[in-house]
Amino acid sequence: MPTALITGASRGLGRALARQLALDGWTLLIDARDEGPLREVADELVARTTVRAVAGDVSDEAHRVALAKAAADLGALDAVVHNASGLGPSPQPALADYPLTDLRRVYEVNVFAPLRLTQLLDAHLRDGARVVAITSDAAVENYAGWGGYGSSKAALEHMFAILGAERPDLRVYRVDPGDMRTRMQQEAFPDEDISNRPLPEVSVPGLVALLTGEHGSGRYLARDLA
């Protein structure tokens with residue numbers, strides 16, 4: 001059975017994807033910052049498949065090394081889904097007022113962590129493995145108030161587009177899942193009712209199509225693939 005690493009798997013899109021892959025028989029390595037919620041997901045999914053949960057912050061090198069060691073223990077990876085993200089301050093400040101300490105933190109989580117983790121996992125990726133960077137329409141649209149998060153996702157996209165060009169042995173995807181009813185989305189719009197937005201599960205079939213199909217490296221809208 002195939003094996004996948006999913007970061008940020010304790011809630012939202014990461015949890016929804018982990019649940020589906022568990023149903024499909026994938027072996028899972030999952031991560032999240034908070035050990036309690038991550039353990040709850042692992043306990044739920046272990047009845048369906050083999051699950052290894054490693055709690056920690058993807059911006060921490062020791063945690064990334066621990067994830068790479070866990071991947072080695074599992075043999076090899078068929079997929080890596082870089083789903084963990086940081087929004088930054090809520091509500092999000094305009095760029096003229098954006099504290100650089102907070103901006104650096106956003107880039108540490110959204111840009112440098114996925115690249116560094118991919119570097120550490122390189123020796124444990126099967127030929128043709130899927131490497132997925134979860135991105136956003138904020139990476140390509142100039143929404144006022146989204147300068148920190150949006151620019152970090154734009155940097156992530158370009159970085160992984162280049163990785164795809166450099167690594168024809170891998171399938172490297174940048175995936176926009178679309179608006180979702182998640183905690184991060186609520187934090188982005190703290191004064192709005194987001195109950196009319198789709199649940200993350202709506203975006204999962206498109207991700208599964210990329211993880212199991214023959215799509216070439218590139219940028220995809222998850223819901224267009226479902």
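- Contact check on K69 versus D73 returns a salt bridge, with a Lys/Arg side-chain nitrogen under 4.0 Å from an Asp/Glu carboxylate oxygen.
- Under a cut-off of 6.0 angstrom, the local environment of CD in E44 is crowded, with over 12 non-hydrogen atoms contributed by other residues, nucleotides or ligands.
- Taken from OG1 in T7 to NE2 in H82, the straight-line distance is 7.0 Å, to the nearest 0.5 Å.
- Grouping the Ile, Leu, Val, Met, Phe, Trp and Tyr side chains by contacts below 4.5 angstrom, directly or via other members, places L125 apart from Y173.
- D122 and R167 are joined by a salt bridge, as a carboxylate oxygen and a charged side-chain nitrogen come within less than 4.0 angstrom of each other.
- Note that CG of L28 is 6.5 Å distant from CG of L45, once rounded to the nearest 0.5 Å.
- Hydrophobic clustering, with ILVMFWY side chains joined whenever heavy atoms are under 4.5 angstrom apart, groups I30 together with L21.
- Counted by atom type alone, R15 and S10 present zero donor-acceptor pairs between their side chains at under 3.5 Å.
- No side-chain donor-acceptor contact under 3.5 Å links S59 and R116.
- If you take OH on Y220 and CZ on R174, they are separated by 9.0 Å, rounding to the nearest 0.5 Å.
- Linking ILVMFWY side-chain heavy atoms closer than 4.5 Å, directly or via other members, places L17 and L156 in two distinct hydrophobic clusters.
- Within 6.0 Å of NE2 on H215 lie more than 12 heavy atoms contributed by other residues, nucleotides or ligands.
- For R105 and D57, the salt-bridge test passes: some basic side-chain N is under 4.0 Å from an acidic carboxylate O.
- Side chain to side chain, Y107 and S151 meet the donor-acceptor criterion of an N or O pair below 3.5 Å.
- With values rounded to the nearest 0.5 angstrom, D176 atom CG is found 10.0 Å from E141 atom CD.
- Scanning both residues, A155 and V111, for their nearest heavy atoms gives CB-CG2, 4.0 Å.
- Between R126 and the options D169, T3, D78, a side chain to side chain donor-acceptor pair (under 3.5 Å) holds for only D78.
- Rounding to the nearest 0.5 angstrom, the gap separating the CG atom in L121 from the CZ atom in R64 is 11.0 Å.
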